[in-house]
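Along the sequence shown, the residues carry numbers beginning at 1.
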Amino acid sequence: MNARAGLVRITRSMLASAVLIAIVAAMATAYTRTGGASRQSLIAEMLSNFILVLGMQVFIGNTGVLSFGHMAFAHIAAYATAIVGIPLVTKAKALPDIPFGLSDVYYGPLGVTAFAVLATMIAGAIFGIAVCRARGLAPTMITLATLFVVEQVVKNWKELTRGAGGLSGISRLEGNTWLWVGAFLALVIAHVFQETRIGRFAIATREDELAAPALGIRLFTARYAAWVVSIGLIALGGSLRAQHLGSVNPKQFTLDSSILILVMLVVGGMRTVSGAVLGTVLITAGNELFRQLGDPQRLDIERFPDLFLGGAMLLAMLLRSGGLLGDRDLAGWMRRRMYRPPPTQAVGERVAATNALAASNIEVHFGGFVALDGAGVAVRPGEIVGLIGPNGAGKTTLFNVITGLVNEQGGTVMLGERDLSSSTPVDVARAGLARTFQNLRLFKNLSVRENVSLTSLVAGRHRRDRQRPDADALLADAGLSEWADRRAATLDYGNQRRLELARAAALAPEFLLLDEPTSGMSDQETLAMVESVRAVAARIGAGVLVIDHDLAFITRISDHIVVLNEGRVLAEGTPTQIRANPLVAEAYLGTSA
């Protein structure tokens, strides 16, 4: 079944790539029918940019991490191409002191391209460790610094690069055939990457850096894979450009060229391959038009193309921040049209997990503030436990300790015999705890079905010991089937809450941890959520730990209730016992019962 699904994905990717390249080729043919060699050169420039833009899209578009430094690796690839693509006699004159025994190395077009891509990917893989481990603005600044460092190395390592003068004499590729082949290959790789498990995980990290790890998706692994693939495409674009021009120099891949490629990506729509294609075509055409208009014989405006680029970026940011295509994508449209629900399989009775969840004697200090002081909670397999308490009681902090978002200073968290104390959110999720958040954290730019399917992919890899629920069945249980292809952000609030529950359940967890699932809901929606939680828990055989301020909801849904107050357990018992407890009434109402 997996092999067949993989074949379908590859076929779909190749078909989408073929359609896009055919459209671009038809436009290029119409443009070059008249105009001579200058128009052919513009198409060659567009095709090499095309590959570079797709390289950036694989990383920036799928992870949401901005990079100014990808052109550094195009630079490395171009010089690697020159070093092994210049005939030996010419190389001996241009680089008489070339190191590493490269004076006797010469390859043909395929060998040159393979060498350049491999060498650049090795360098990129090393730099990528720092980029993908960093957070916030740091990755962007690391890539920018890399661009400047590589530029200085190119200018000053004269034995290898000949310095500011650059290198010429590279065996040239005649015509644009190789560039067309490279563009098609880049399209296929970009499409296939988005279809792979790791590519979809990278997209999840783009959508929400907090929710993705809580569902078992490791940020570094997904982003690093996207980085390495993107560097491979960047290297391909840099190598083919150098072979087409027959030369390389330090001015080819600077910050200016990085900005040009970024504008192409942003204007078309960075989240989709189709957007990257559209942006490349439009900016190439617009740039050439403004270059001609700025000619002294016309308007005589210096650097007129720069004005066009700035205006295009400004308009895109003001009017369509997601780019012209936004999330519209040919491959995505084909995926929805070709989607067929998997055959229904006979499912035996769901059996609850055998492990209990127990957090005991948990202590958490934030500076001098004691958030939890020996608090704890236990949930038996298949049981629904409510966790309540007044504002500031420590409920969410205890939740965050259990799910790995907050490190405790004392106490233990056990799942059966497995110690989850101080585990990361990824490890906690993969061990069998799935959570929702007080503030909704859906993957809003993805469809309803994709939200649930992403978590199913994690379960398929890391929760094989559990019977995994079908994504479409979970959507049906949540009443979301008719909106399966809609973006999650377009759902109303109640349905978004139900989607978050279905997404957590798709992990096939032993326990669901729900943080205020009825927050902001009406009474009718709250009643519906009670039924949803019970139905989903029964379907996957999971216990439930739920926080909520709504006492009516908690007492209606829970088998057992734990009350926190000032970081300690104030009371626990059945819903009837909790309702009758005067200490609980005093904690909530501030008066004696």
Side-chain angles (χ1 to χ4, degrees), residues 210-211 214 357 359-379 384-411 413 425 433 435-442 493-494 496-497 500-501 504 511-523 525-527 529-530 533 544-593:
L210 189 60
L357 173 64
S360 28
N361 301 315
I362 302 297
E363 295 183 7
V364 174
H365 305 159
F366 297 118
F369 174 70
V370 179
L372 292 174
D373 186 12
V377 65
V379 189
I384 299 179
V385 173
L387 185 62
I388 64 173
N391 288 334
K395 303 182 299 297
T396 296
T397 302
L398 181 56
F399 238 54
N400 288 339
V401 167
I402 294 171
T403 55
L405 287 175
V406 171
N407 289 327
E408 67 276 13
Q409 281 77 55
V413 178
L433 306 184
R435 69 166 295 170
T436 64
F437 292 85
Q438 183 176 349
N439 298 316
L440 276 167
R441 288 191 170 274
L442 294 174
Y493 183 78
Q496 286 190 11
R497 279 290 180 190
E500 191 179 32
L501 174 62
F511 291 93
L512 285 167
L513 286 80
L514 312 179
D515 194 349
E516 299 200 22
T518 65
S519 174
M521 285 188 172
S522 65
D523 291 342
E525 288 174 326
T526 298
L527 288 172
M529 181 57 78
V530 171
V533 171
V544 179
L545 176 61
V546 56
I547 294 176
D548 211 290
H549 282 98
D550 188 340
L551 282 175
F553 168 74
I554 286 291
T555 55
R556 192 179 294 121
I557 197 174
S558 302
D559 304 314
H560 188 82
I561 296 176
V562 176
V563 185
L564 289 186
N565 189 37
E566 297 181 349
R568 301 183 183 91
V569 175
L570 177 67
E572 61 178 304
T574 66
T576 301
Q577 291 170 333
I578 293 300
R579 279 195 296 263
N581 192 316
L583 294 176
V584 175
E586 183 177 358
Y588 268 91
L589 302 176
T591 59
S592 298

### Message
Tell me the closest heavy-atom pair linking A375 and G567, and the distance in Å.
### Response
CB-O, 3.3 Å
### Task
Scan L405, L514, I402 and name whichever one has a side-chain contact (heavy atoms from CB on, under 4.5 Å) with R435.
L405
### Query
If only atom types and distance count, is the side chain of K395 paired as donor or acceptor with the main-chain N or O of G389 below 3.5 Å?
yes
### Message
As an exercise, state the distance from CE of M529 to CZ of R556, rounded to the nearest 0.5 Å.
### Response
13.0 Å
### Query
Checking E500 side chain against R497 main chain: does a donor-acceptor pair fall under 3.5 Å?
no
### Query
Can L564 and V569 be said to form a side-chain contact (heavy atoms from CB on, under 4.5 Å), step by step?
CA-CA 5 Å; L564 289 186; V569 175; 3.8 Å; yes
#### Entry: Working for side-chain contact (heavy atoms from CB on, under 4.5 Å), residues L551 and I388
CA-CA 8 Å; L551 282 175; I388 64 173; 3.4 Å; yes
### Separation between CD1 of I362 and CG of L398, rounded to the nearest 0.5 Å
6.5 Å
#### Entry: Heavy-atom side-chain contact between F437 and P517 under 4.5 Å
no
### Identified side-chain contact (heavy atoms from CB on, under 4.5 Å) counterpart of I384 within the set D559, L512, I561, I554
D559
### Summary
Taken to the nearest 0.5 Å, the spacing of S519 OG from I547 CD1 works out to 11.5 Å
### Task
Only one of T396, L372, V364 passes side-chain contact (heavy atoms from CB on, under 4.5 Å) with V406; say which it is.
V364
### Query
Does T397 reach the main-chain N or O of A371 with its side chain, forming a donor-acceptor pair under 3.5 Å?
no
### Check: E363 side chain, D373 main-chain N or O, donor-acceptor pair, under 3.5 Å
no
### Summary
CZ of R568 to CG of L570, rounded to nearest 0.5 Å, is 10.5 Å
#### Entry: Worked verdict on F399 versus L545 for side-chain contact (heavy atoms from CB on, under 4.5 Å)
CA-CA 9 Å; F399 238 54; L545 176 61; 3.6 Å; yes
## Note on the structure
In terms of heavy-atom contacts, G404 and P425 come closest through O-CD, 3.4 Å
### Query
At what distance, to the nearest 0.5 angstrom, does OG1 of T576 lie from CG of N581?
12.5 Å
#### Entry: Taking every non-hydrogen atom, the tightest pair across N565 and P390
OD1-CG, 3.3 Å
### Query
Distance-only, no hydrogens or angles: does the T555 side chain make a donor-acceptor pair with backbone N or O of A552 under 3.5 Å?
yes
### Query
Do you know the tightest heavy-atom contact between E525 and M521?
OE1-CA, 3.4 Å
### Task
List the atom of I578, the atom of G573, and the distance in Å for their closest heavy-atom pair.
CD1-N, 3.8 Å
### Task
Verify the distance criterion only: is there a donor paired with an acceptor across the side chains of T518 and D548 at less than 3.5 Å?
yes
#### Entry: For P575 against S558, the heavy-atom pair lying closest together
CG-O, 3.3 Å
#### Entry: Full working for side-chain contact (heavy atoms from CB on, under 4.5 Å) between F511 and L433
CA-CA 5 Å; F511 291 93; L433 306 184; 3.7 Å; yes
